[in-house]
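Just so you know, these numbers use all the heavy atoms, side chains as well, and skip hydrogens, waters and symmetry mates. First the proteins, then the strands, lettered A, B, ... as listed; each starts at 1.
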2 protein chains.
Amino acid sequence: MATIVDVATLAGVSTSTVSHVLNETRHVEPETKARVMQAVQATGYRRDVLARSMRRARTDSIGLVVSDAGEPAFADMVHGVEEAAAQNGVSLLLANSAEDPARETSAVEALLDRRVDGLIIARAAGSDGKLLDRIREEQKPLVLLDRLEELGGEHGNVDQVGVNNHAAMEALVGHLAGRGHERILLVSGDLRVSSLRERQDGFRKAMANRGLDVPPSLLCEGTVTAAETFQKVRPLIKGSAERPTAVLACSTLLAAGALRAVQKEGLRVPDDMAFAAFDGFTYSDLFHPQITTVRQPAFRLGESAVGLLLKRIEHPGAPTTIIRLDSELEFRRSTG
Amino acid sequence: MATIVDVATLAGVSTSTVSHVLNETRHVEPETKARVMQAVQATGYRRDVLARSMRRARTDSIGLVVSDAGEPAFADMVHGVEEAAAQNGVSLLLANSAEDPARETSAVEALLDRRVDGLIIARAAGSDGKLLDRIREEQKPLVLLDRLEELGGEHGNVDQVGVNNHAAMEALVGHLAGRGHERILLVSGDLRVSSLRERQDGFRKAMANRGLDVPPSLLCEGTVTAAETFQKVRPLIKGSAERPTAVLACSTLLAAGALRAVQKEGLRVPDDMAFAAFDGFTYSDLFHPQITTVRQPAFRLGESAVGLLLKRIEHPGAPTTIIRLDSELEFRRSTG
DNA sequence: CTGAAAGCGCTTACAG
DNA sequence: CTGAAAGCGCTTACAG
């Protein structure tokens with residue numbers, strides 16, 4: 001491989017000049033510049049990215065750590081991040097914490113070691129504040145994705161991109177209430193996850209807005225797998241005067257468990273039980289029951305995170321930005 | 001940040017010794033070693049990955065280029081690659097060609113520039129041999145994933161990981177034929193994609209094995225989007241004595257288009273039309289029609305690719321390996 | 001407008 | 001068993 005010295009020699013200039021031509025970092029006489037470019041052509045020279053990164057404070061790469069690469073919504077976010085990164089000429093280093101804070105930490109350390117210019121993180125459920133402290137200590141630009149930090153909290157001063165969970169929940173509950181549902185079972189999952197917490201909050205508020213009660217029997221919290229969810233939901237929907245008339249699941253995984261419980265109890269959707277879900281299932285309109293779904297703009301979430309991160313890298317001191325994208329509500333037969 | 005010089009100074013040794021202790025690359029007296037380790041602790045020293053990579057011929061990173069990050073099967077492969085990479089202590093650089101050969105080329109160039117230790121590629125539909133030549137020219141270890149190269153072909157001498165499409169197709173056709181289906185419509189998509197080509201080949205063979213004919217009216221080729229597929233499938237299944245009694249779609253996307261056509265024609269699955277698909281839909285057992293599916297072990301495909309690549313990196317001269325994993329057939333109601 | 005030279009933080013022959 | 005020193009391929013003050 002040709003080096004910058006080869007190019008300089010061939011062009012009859014110094015390596016400084018070659019470097020400056022390539023980086024457009026100081027004026028060079030057109031004629032000299034032309035000679036350099038010719039030499040670059042002739043030698044097939046390509047700048048050594050590693051040597052370059054070592055001298056500059058930049059690697060033109062960013063790191064992404066997701067909490068669950070297996071979930072379709074996260075896969076879409078990864079896709080969006082990749083797209084935006086490629087469009088901006090930065091490489092993407094991908095890691096998955098699999099909801100394990102220890103793996104998350106070591107993934108972040110590995111990315112810091114590689115000197116990525118910035119990090120995008122959708123944090124693991126049990127992740128604590130130390131991670132953010134560590135990244136701040138390194139003064140590394142950071143954007144939180146989907147799993148956000150409370151505003152005003154100790155670690156709240158970070159760029160963030162998420163969806164407007166409260167608004168989506170308000171619309172969904174409004175839709176159900178408008179169809180006469182007053183006892184709605186919320187399947188909210190692991191409340192250490194901020195997005196799930198927000199959905200539960202939004203649910204309570206939306207119910208309260210309509211003077212509707214949310215007794216504990218209408219909350220199914222804390223389940224992590226579909227199987228667990230199935231087990232926990234089943235008794236809650238068993239036939240009785242008090243049973244819910246609608247089930248609202250806060251993720252695809254939770255919806256799968258809950259829907260199986262509904263089916264196992266012999267309840268038809270929507271005749272015996274209305275059903276709606278966040279994220280939902282792909283091609284839902286092709287299958288019965290057709291599930292009313294809150295569709296997250298996952299791809300755009302990823303794109304936006306990159307946009308925010310690149311801005312932050314350019315302007316480390318700029319004020320914090322929080323982006324909340326709206327979800328799209330897809331009303332289908334499952335809610336009557 | 002502490003450098004190797006700081007550590008050497010504090011420990012009262014040369015930087016050579018520090019380097020050799022850290023890399024375990026030559027014997028060092030236990031006592032000296034201890035002093036070095038202490039100095040490492042005291043200074044909080046972390047090896048500069050960039051400087052290190054610059055001297056060594058390795059970066060401890062690998063690159064993955066997928067052809068369609070939006071497809072669930074590829075998302076799962078990415079997941080598997082990530083998992084295996086993390087387990088082996090190498091970082092993963094991810095890129096998506098979006099089925100565009102030009103993007104694929106520039107992604108590969110970017111990864112080569114970053115000196116990844118090896119590449120895993122699921123090639124774009126229109127990708128040609130130049131890409132492989134280029135990678136071979138750089139003598140960069142390479143594993144082909146899912147989209148494979150013909151054996152014995154000009155570029156055939158490459159490590160590859162894919163599924164056993166012929167076997168899956170044989171089983172699927174056997175299943176349908178066993179249920180009396182003789183006119184099966186194959187929706188095979190873009191035949192520039194090797195896996196789709198293999199499925200069509202497998203289909204022809206499996207049909208021939210049973211003395212069944214495959215007239216052009218039972219082949220729907222070349223569609224890329226679901227909408228296109230819908231348009232092209234619809235007339236082929238229109239009611240007539242000659243219409244197929246079963247539809248077999250070779251990917252999730254194709255299945256979506258084909259199933260919509262079936263529904264639009266008012267045909268019920270499986271009463272009026274049997275239906276089966278490769279890849280299929282998630283949580284297919286929860287929804288009607290429940291689709292008989294050939295489930296690719298996509299995650300394991302990704303893991304295997306990393307295994308092969310790391311072996312290749314260790315042993316550049318070893319003979320080529322081709323891994324074919326078996327798909328799992330999930331028989332459901334859609335095929336009666 | 002351009003060049004000579006230091007230096008980024010490592011690894012690795014070479015020498016003893 | 002260990003050290004002095006060259007060198008990887010760049011960028012960037014410094015100097016003219």
Side-chain angles (χ1 to χ4, degrees), chain A residues 1-40 42-61 91 109-110 112-117 138, chain B residues 1-40 42-61 91 109-110 112-117 138:
Chain A
M1 286 294 286
T3 74
I4 196 172
V5 174
D6 301 326
V7 175
T9 308
L10 186 59
V13 298
S14 72
T15 59
S16 320
T17 297
V18 175
S19 176
H20 282 122
V21 167
L22 260 29
N23 298 318
E24 301 188 314
T25 172
R26 84 176 173 195
H27 183 82
V28 175
E29 284 292 88
E31 193 205 319
T32 318
K33 193 184 279 187
R35 278 217 314 286
V36 169
M37 294 315 285
Q38 246 168 27
V40 167
T43 54
Y45 171 71
R46 307 184 59 142
R47 214 158 33 186
D48 185 312
V49 173
L50 255 37
R52 182 158 198 251
S53 295
M54 191 170 150
R55 293 306 332 254
R56 303 198 319 158
R58 275 173 87 144
T59 55
D60 295 319
S61 65
S91 293
E109 292 296 347
L112 290 175
D113 276 350
R114 291 200 178 269
R115 298 221 224 125
V116 291
D117 295 339
E138 296 278 338
Chain B
M1 285 295 286
T3 75
I4 198 171
V5 175
D6 300 327
V7 175
T9 307
L10 186 61
V13 298
S14 72
T15 58
S16 321
T17 298
V18 175
S19 176
H20 281 122
V21 168
L22 261 28
N23 297 319
E24 300 187 315
T25 173
R26 82 177 175 196
H27 183 82
V28 175
E29 283 293 87
E31 194 204 318
T32 317
K33 193 183 281 187
R35 278 218 314 286
V36 169
M37 294 314 285
Q38 245 166 28
V40 167
T43 54
Y45 171 71
R46 306 184 63 141
R47 213 158 32 186
D48 185 311
V49 172
L50 256 35
R52 181 158 198 253
S53 295
M54 190 169 151
R55 294 307 330 256
R56 303 197 318 158
R58 274 174 88 145
T59 55
D60 295 318
S61 64
S91 292
E109 292 296 346
L112 290 175
D113 276 349
R114 290 200 179 270
R115 298 220 224 124
V116 291
D117 296 338
E138 295 278 337

Problem set entry | First-last contacting nucleotides on DNA chain D - partner chain B, under 4.0 angstrom, heavy atom |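 Extent of the interface on DNA chain D: D:dC1 to D:dG9.
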Need one value for [X]: base, sugar-phosphate or nothing, where a base atom within 4.0 Å counts as base even if backbone is also close, heavy atoms only.
{"X": "B:Arg46", "result": "sugar-phosphate"}
{"X": "A:Thr32", "result": "sugar-phosphate"}
{"X": "B:Val5", "result": "nothing"}

Are the side chains of [X] and [Y] in touch, meaning some heavy atoms are under 4.5 Å apart?
{"X": "B:Leu112", "Y": "A:Arg46", "result": "no"}
{"X": "B:Val28", "Y": "B:Val36", "result": "no"}
{"X": "B:Val49", "Y": "A:Arg115", "result": "no"}
{"X": "A:Arg26", "Y": "A:Glu24", "result": "no"}

For this session: Answer yes if the side chains of A:Ser91 and B:Arg114 hold a donor-acceptor pair under 3.5 Å, and no otherwise.
Result: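 A:Ser91 vs B:Arg114: donor-acceptor pair found between side chains.
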For this session: For B:Asn23 and B:Arg56, test the side chains for any donor-to-acceptor distance below 3.5 angstrom and give the result as yes or no.
Result: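 No - no donor-acceptor pair under 3.5 Å links their side chains.
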For this session: Let me know, please, whether B:Ile4 or A:Gly12 comes out on the 5' side of the other along DNA chain C by nearest nucleotide.
Result: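 Checking each residue's closest nucleotide, the 5'-ward one belongs to A:Gly12.
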For this session: Please tell me which of B:Ala51 and B:Thr17 maps to the more 5' nucleotide of DNA chain C, matching each residue to the nucleotide holding its nearest heavy atom.
Result: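 By nearest-heavy-atom nucleotide position, the 5'-most residue is B:Ala51.
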Problem set entry | Side-chain donor/acceptor of A:Thr43 to backbone N/O of A:Ala39, under 3.5 Å |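 Yes; at least one donor-acceptor contact below 3.5 Å.
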Problem set entry | Dot-bracket encoding per residue of DNA chain D, Watson-Crick/G-U cut-off under 3.5 Å, | denoting interstrand | |||.||||||||.|||
Exercise. Nearest nucleotide by nearest heavy atom, which residue falls closer to the 5' end of DNA chain D, B:Met54 or B:Ser16?
Worked result: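 That would be B:Ser16.
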Problem set entry | 5' priority, DNA chain D, between B:Arg55 and B:Arg26 [closest heavy atom] |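 In this pair, the answer is B:Arg26.
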Side-chain donor-acceptor contacts of residues 3-11 of chain B below 3.5 Å, not counting sequence neighbours, with atom names and distances?
{"residue": "B:Thr3", "atom": "OG1", "partner": "B:Val5", "partner atom": "N", "Å": "3.1"}
{"residue": "B:Asp6", "atom": "OD2", "partner": "B:Thr3", "partner atom": "N", "Å": "2.8"}
{"residue": "B:Thr9", "atom": "OG1", "partner": "B:Val5", "partner atom": "O", "Å": "2.7"}

